[in-house]
Amino acid sequence: MTEAFRYERGTLHCEDLAAPAIAEQTGTPCYVYSRASFLGRFRTIRDAFGPLDALIAYAVKANSNLNLLRLLADEGSGFDVVSGGELARVLDAGGDPKKTTFAGVGKTDDEIRQALTAGIRHLNVESPGELERIDRIARDRGEKARVALRVNPDVDPQTHRYITTGKAENKFGIDLQAAAELARGSGDLAGIELVGLHAHIGSQVGDPAHYVASLQKLLALRDELAGYGVAIRSLNLGGGYKISYEGSEGRPAGDYAAAIAPLLEGKGIELEIEPGRWIAGPSGVLLTRVVEVKRGGEKRFVIVDAAMNDLVRPSLYGSYHAVWPVSAEAGPPDLDGPGNKTESVAVQLSSADVVGPICETGDFLAQDRPFPDVDRGDLVAVFCAGAYGFTMASNYNSRGRPPEVLVDRDGFTVIRRRESYEDLVALERA
Ligand SMILES: *Cc1c(COP(=O)(O)O)cnc(C)c1O
């Protein structure tokens with residue numbers, strides 16, 4: 001639970017607004033974001049890395065709503081994009097291309113051209129073949145492309161295997177040996193200006209020591225390259241800063257900055273980081289309504305109107321999200337943040353699965369959770385859903401994707417309307 005979402009007088013509030021007031025107007029399911037939380041968390045991580053003078057490049061894939069990108073662009077944030085679509089969003093939102101980097105293992109020629117046309121800060125190159133293509137495309141255009149080599153530092157961040165990206169067997173980046181050779185040869189490529197080294201080891205990385213290990217490898221490679229006359233000015237440590245889905249405050253961003261600071265002192269390095277989840281995750285909830293309650297054997301199923309198409313993380317990764325009725329004396333016992341008097345939850349709890357209406361056994365939001373009695377029509381909140389929620393939503397089962405709203409104190413704005421049936425079929429009409 002974060003400061004932005006609290007139970008007051010028996011009702012979940014986002015900032016100063018009672019959640020039922022939103023659901024009444026927008027219907028359910030609906031993503032609800034707190035402006036104060038989103039901006040506040042950006043400022044917190046920016047300030048934590050302030051002493052290192054780091055560029056904060058928000059990872060757009062965590063939550064790419066234009067209105068949220070605009071909030072960050074207005075704050076001077078940079079952006080980390082992984083597709084032409086994300087780059088277009090950043091430019092549309094007024095983001096600064098000079099603070100925008102482009103990663104991804106399979107950039108197409110068109111995407112490379114799009115990045116060069118936009119004049120982005122640099123492309124993060126993920127293979128020797130890609131470097132060749134960027135060189136050729138840039139030379140054709142009579143320009144030099146700024147690139148950073150994405151290195152695979154072979155660090156195990158001890159997180160879920162699907163969100164581990166910096167081990168030798170993962171598809172991302174270039175191993176250290178090959179990167180060194182590539183960097184040495186880059187001086188001969190007329191279309192390439194090598195400016196940096198990049199590593200992103202994964203997501204939900206709880207121990208700052210893994211970033212230290214990653215940075216040490218980048219620094220060693222930088223020193224080696226300096227010996228060959230290749231000067232590297234920027235190092236990018238990627239994203240992955242852990243949040244707590246159990247609702248405690250999680251790792252303070254300052255812990256990560258403090259751990260790496262001694263390694264950077266006096267080196268004159270431009271540092272870049274790419275947090276996504278850390279900023280967006282705790283800043284949103286998914287509101288949903290109970291459609292039906294039923295029993296199956298020993299099981300109690302709470303069937304809600306949100307499903308795996310709206311929030312796929314539980315189905316895809318087995319991820320944990322706290323789920324709790326919107327009308328309750330206090331927050332869920334598994335969330336222990338400010339404003340939640342866990343010990344005062346005196347209601348009777350029994351085990352339940354909270355599931356969606358989709359025709360897949362894997363369609364669940366929570367399994368075997370202690371949960372209060374709820375009835376048809378009750379509102380339920382899925383917490384910490386601001387990152388990799390809406391951006392991973394689909395139209396499976398011909399379900400329109402939910403609306404997104406942004407709360408500012410006691411009011412809210414719809415920042416994406418609900419998809420209608422016409423939206424679903426518009427591209428199929430002859
Ligand atoms: C996904 C991704 C990020 C963001 O990861 P979070 O866990 O959301 O902070 C940063 N950089 C790259 C290259 C990524 O692919």
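Atoms within a ligand are numbered from 1 in the order they appear, just like the ligands themselves.
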> For His210, does its backbone N or O pair with a side-chain atom of Ser214 as donor and acceptor, under 3.5 Å?
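Pair absent, no side-chain N/O of Ser214 close to backbone of His210.
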> Do any nitrogen or oxygen atoms of Gly240 come within less than 3.5 Å of a nitrogen or oxygen of ligand 1?
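Among all N and O atoms of Gly240, at least one is under 3.5 Å from an N or O of ligand 1.
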> Salt-bridged, Asp109 to Arg133, with N to O below 4.0 Å?
yes
> Between Glu15 and Arg35, does at least one N-O distance fall below 4.0 Å, as a salt bridge requires?
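Arg35 and Glu15: not salt-bridged.
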> Look at atom 4 (C) of ligand 1 and say which protein heavy atom is nearest, naming residue and atom and giving the distance to 0.1 Å.
Ala59 CB, 3.3 Å
> Could you tell me which atoms of ligand 1, counted from 1 in the order shown, lie closer than 4.0 angstrom to a heavy atom of Tyr388?
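The atoms of ligand 1 under 4.0 Å from a heavy atom of Tyr388 are 1 (C), 4 (C), 5 (O), 6 (P), 8 (O).
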> If you measure every N/O of Lys61 against every N/O of ligand 1, is any gap under 3.5 Å?
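Between Lys61 and ligand 1, an N or O pair is found under 3.5 Å apart.
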> Is there any N or O on Trp278 that sits under 3.5 Å from an N or O of ligand 1?
no
> Ile174 and Asn152: side-chain contact (heavy atoms from CB on, under 4.5 Å), yes or no, with the steps?
CA-CA 5 Å; Ile174 306 166; Asn152 185 326; over 6 Å; no
> In ligand 1, which numbered atoms sit nearer than 4.0 Å to a non-hydrogen atom of Glu274?
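Here the atoms of ligand 1 in question are 3 (C), 4 (C), 9 (O), 10 (C), 11 (N), 12 (C), 13 (C).
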> If you look at every heavy atom in Asn63 and Gly386, which pair is closest and at what distance?
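In terms of heavy atoms, the two residues are closest at ND2-O, 3.0 Å.
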> Which of the atoms in ligand 1, numbered in the order shown and given with their element, are less than 4.0 Å from a heavy-atom of Gly276?
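It comes down to these atoms of ligand 1: 6 (P), 8 (O), 9 (O).
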> Test salt bridge (charged side-chain N to carboxylate O under 4.0 Å, His left out) on Asp47 and Arg43; report intermediate values, then the result.
CA-CA 6 Å; Asp47 295 349; Arg43 289 173 183 150; over 6 Å; no
> Kindly indicate, with the supporting measurements, whether the criterion ring-ring contact (aromatic ring centres under 6.0 Å, His included) is fulfilled by Tyr245 and Phe383.
CA-CA 8 Å; Tyr245 283 93; Phe383 291 88; over 10 Å; no
> Which bit of Asn124 is near ligand 1, meaning a heavy atom under 4.0 Å away: side chain, backbone, both or neither?
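Looking at Asn124 and ligand 1, no heavy atom falls under 4.0 Å.
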> Could you tell me whether Phe49 and Tyr256 have their ring centroids closer than 6.0 angstrom?
no
> Do Arg277 and ligand 1 have an N or O pair less than 3.5 Å apart?
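Yes, since at least one N or O of Arg277 sits under 3.5 Å from an N or O of ligand 1.
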> Consider ligand 1: state whether an atom of it lies below 4.0 angstrom from any non-hydrogen atom of Phe172.
no
> List ligand 1 atoms under 4.0 Å from Ser203, heavy atoms only on the residue side.
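Contacts of ligand 1 toward Ser203, numbered from 1: 6 (P), 7 (O).
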